[in-house]
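Computed from a predicted structure; not experimentally measured. Here is the naming used below: chain letters follow the sequence lines, and residue numbers restart at 1 for every chain.
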Number of protein chains: 2
Amino acid sequence: MAESTDLHRALEGLRSRGLRLTRPRRLILERLSADGAHASAEALYESLRSRRHRLGRATVFRTLKLFARLGIATGEAPAAPRRRFEVAAGKTHHDHMTCLRCGAVLEFVSPAIERLQRAEARRRGFVMQGHALEITGLCRCCAAARSRP
Amino acid sequence: MAESTDLHRALEGLRSRGLRLTRPRRLILERLSADGAHASAEALYESLRSRRHRLGRATVFRTLKLFARLGIATGEAPAAPRRRFEVAAGKTHHDHMTCLRCGAVLEFVSPAIERLQRAEARRRGFVMQGHALEITGLCRCCAAARSRP
DNA sequence: TTGAATGCAAAAGATTTGCACCGTC
DNA sequence: GACGGTGCAAATCTTTTGCATTCAA
């Protein structure tokens with residue numbers, strides 16, 4: 001039921017753009033719809049490939065990217081392709097705001113947010129060990145620059 | 001001043017474990033201490049390497065990993081090495097709790113946290129476009145399993 | 001039929017590992 | 001002097017791209 005709804009929605013999204021609902025796309029969508037999957041491209045590739053049907057790794061990546069672009073699927077894309085480091089000594093925990101235009105990183109702390117996170121975890125019996133919050137967008141300068149002609 | 005403090009602290013951390021404060025380690029620590037850097041391994045490698053001094057890419061990665069282990073530096077390590085996707089259709093925005101033991105992903109929504117994030121961004125003139133919050137730790141099952149002998 | 005989509009293989013990007021040599025303690 | 005650390009190159013892992021072929025519309 002949920003699957004067929006997803007499928008119809010996806011079909012619309014594709015057709016309205018002159019794109020096609022192919023076998024690989026249907027398979028990936030079905031697998032992703034099942035059991036609220038949070039799957040990686042590799043996991044999908046492994047589980048969908050079989051002796052009977054061929055499927056390319058590249059197709060899975062291409063399809064996921066397409067789905068993300070169309071809003072059919074989402075994937076937590078990291079703001080930075082590379083892992084970023086910073087000194088920790090003498091610093092307390094903090095979170096980040098990353099500017100997507102200039103790459104600037106602002107640090108911020110919100111005790112209230114920390115508290116709420118802890119509460120949410122506790123409510124679910126989840127033993128919280130760490131957390132990472134990243135807000136993406138435009139820093140003050142870049143926002144100003146963009147709004148200018 | 002802050003740099004020499006960091007350096008001393010790091011030296012302690014290293015020595016107490018029988019590790020050495022070498023040239024590459026000092027350089028990386030200094031560069032990381034400067035201007036509140038949020039730098040990638042590649043960026044550090046590029047900026048520290050020169051015709052006068054040789055420096056290996058591997059050393060930078062090894063050193064950062066070591067620093068992270070010793071608490072001298074931190075880097076937002078993603079809970080999953082691979083990007084994970086999920087269907088978006090019909091779903092509203094939500095955040096994740098990832099179990100580091102079994103890999104389970106719990107979705108949760110906290111309007112209060114969302115609100116606070118928006119407020120923090122606004123306060124800094126940051127135009128928020130997106131955000132990702134991931135809480136890592138142990139899910140109920142794994143926490144229970146671990147506390148058993 | 002025809003252009004979009006696929007599978008494969010090769011490339012690219014990020015990080016890790018093996019190993020002989022080097023430098024800190 | 002011993003042993004931890006380094007540089008280099010090769011290996012790994014994840015994702016992307018080029019291209020001839022296939023297939024949905």
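- Contact annotation: Lys65(A) side-chain N/O to dT15(D) OP1/OP2 distance is not under 4.0 Å.
- Per the geometry, CZ belonging to Arg84(A) stands 17 Å off C1' belonging to dT15(C), to the nearest Å.
- Contact between the side-chain N/O atoms of Thr22(A) and the OP1/OP2 oxygens of dT6(C) is found at a separation under 4.0 Å.
- Of the candidates dT2(C), dG5(D), dA9(C), dG5(D) carries the atom nearest the Arg20(B) side chain, counting heavy atoms from C-beta on.
- Checked by atom type and distance alone, the side chain of Arg140(A) pairs as donor or acceptor with a backbone atom of Arg124(B) at under 3.5 Å.
- Within the 4.0 Å cut-off from OP1 or OP2 of dC8(C), at least one side-chain nitrogen or oxygen of Arg49(A) is found.
- Considering only side-chain N and O atoms, Arg82(A) lies under 4.0 angstrom from the phosphate OP1 or OP2 of dA14(C).
- Note on Arg17(A): nothing from the nucleic acid sits closer than 4.0 angstrom, heavy atoms only.
- For the residue pair Ser40(B)/Arg83(A), the side-chain donor-acceptor check at 3.5 Å is not satisfied.
- Contact annotation for Arg57(B): base contact, defined as any heavy-atom pair under 4.0 Å involving a base atom.
- Checking side-chain atoms of Thr136(B) against main-chain N and O of Gly130(A) turns up a donor-acceptor pair under 3.5 Å.
- Map Val60(A) and Arg26(B) each onto its nearest nucleotide of DNA chain C; the residue landing nearer the 5' end is Val60(A).
- Between the CZ atom of Phe61(A) and the P atom of dT6(C) there is a distance of 15 Å, given to the nearest Å.
- Regarding Leu66(A), its CG atom lies at a distance of 15 Å from the C1' atom of dT16(D), rounded to whole Å.
- Looking at the side chain of Arg83(A), the nearest of the listed nucleotides dG7(D), dC25(C), dT15(C) is dT15(C).
- Residue Ala58(A) has its side chain nearest to dT16(D) when only dG7(D), dT17(C), dT16(D) are considered.
- Following rounding to the nearest Å, Leu55(B) (CG) and dC21(C) (P) show an atom-to-atom distance of 21 Å.
- Between Arg23(B) and His53(B), the side chains place a donor N or O and an acceptor N or O closer than 3.5 Å (distance only, hydrogens not considered).
- A side-chain donor-acceptor contact under 3.5 Å links Gln117(A) and His131(A).
- Contact check, Arg25(B) against dG5(D): a side-chain N or O comes under 4.0 Å of OP1 or OP2.
- As judged by a 4.0 angstrom heavy-atom cut-off over every strand, Arg54(B) is placed among residues touching the sugar-phosphate backbone only.
- Rounded to an integer number of Å, the gap from CG of Leu27(B) to C1' of dG23(C) is 15 Å.
- His94(A) and Glu86(A) are linked by a side-chain donor-acceptor pair at a separation below 3.5 angstrom, with hydrogens and angles left out of the test.
- Atom CD of Glu46(A) is separated from atom P of dT14(D) by 11 Å (rounded to the nearest Å).
- Put simply, CG on Leu21(A) is 21 Å from P on dG3(C), counting in whole angstrom units.
- Atom CZ in Arg15(B) sits about 18 Å away from atom C1' in dC3(D), given to the nearest Å.
- Residue whose closest nucleotide on DNA chain D sits further toward the 5' end, between Tyr45(B) and Leu19(B): Leu19(B).
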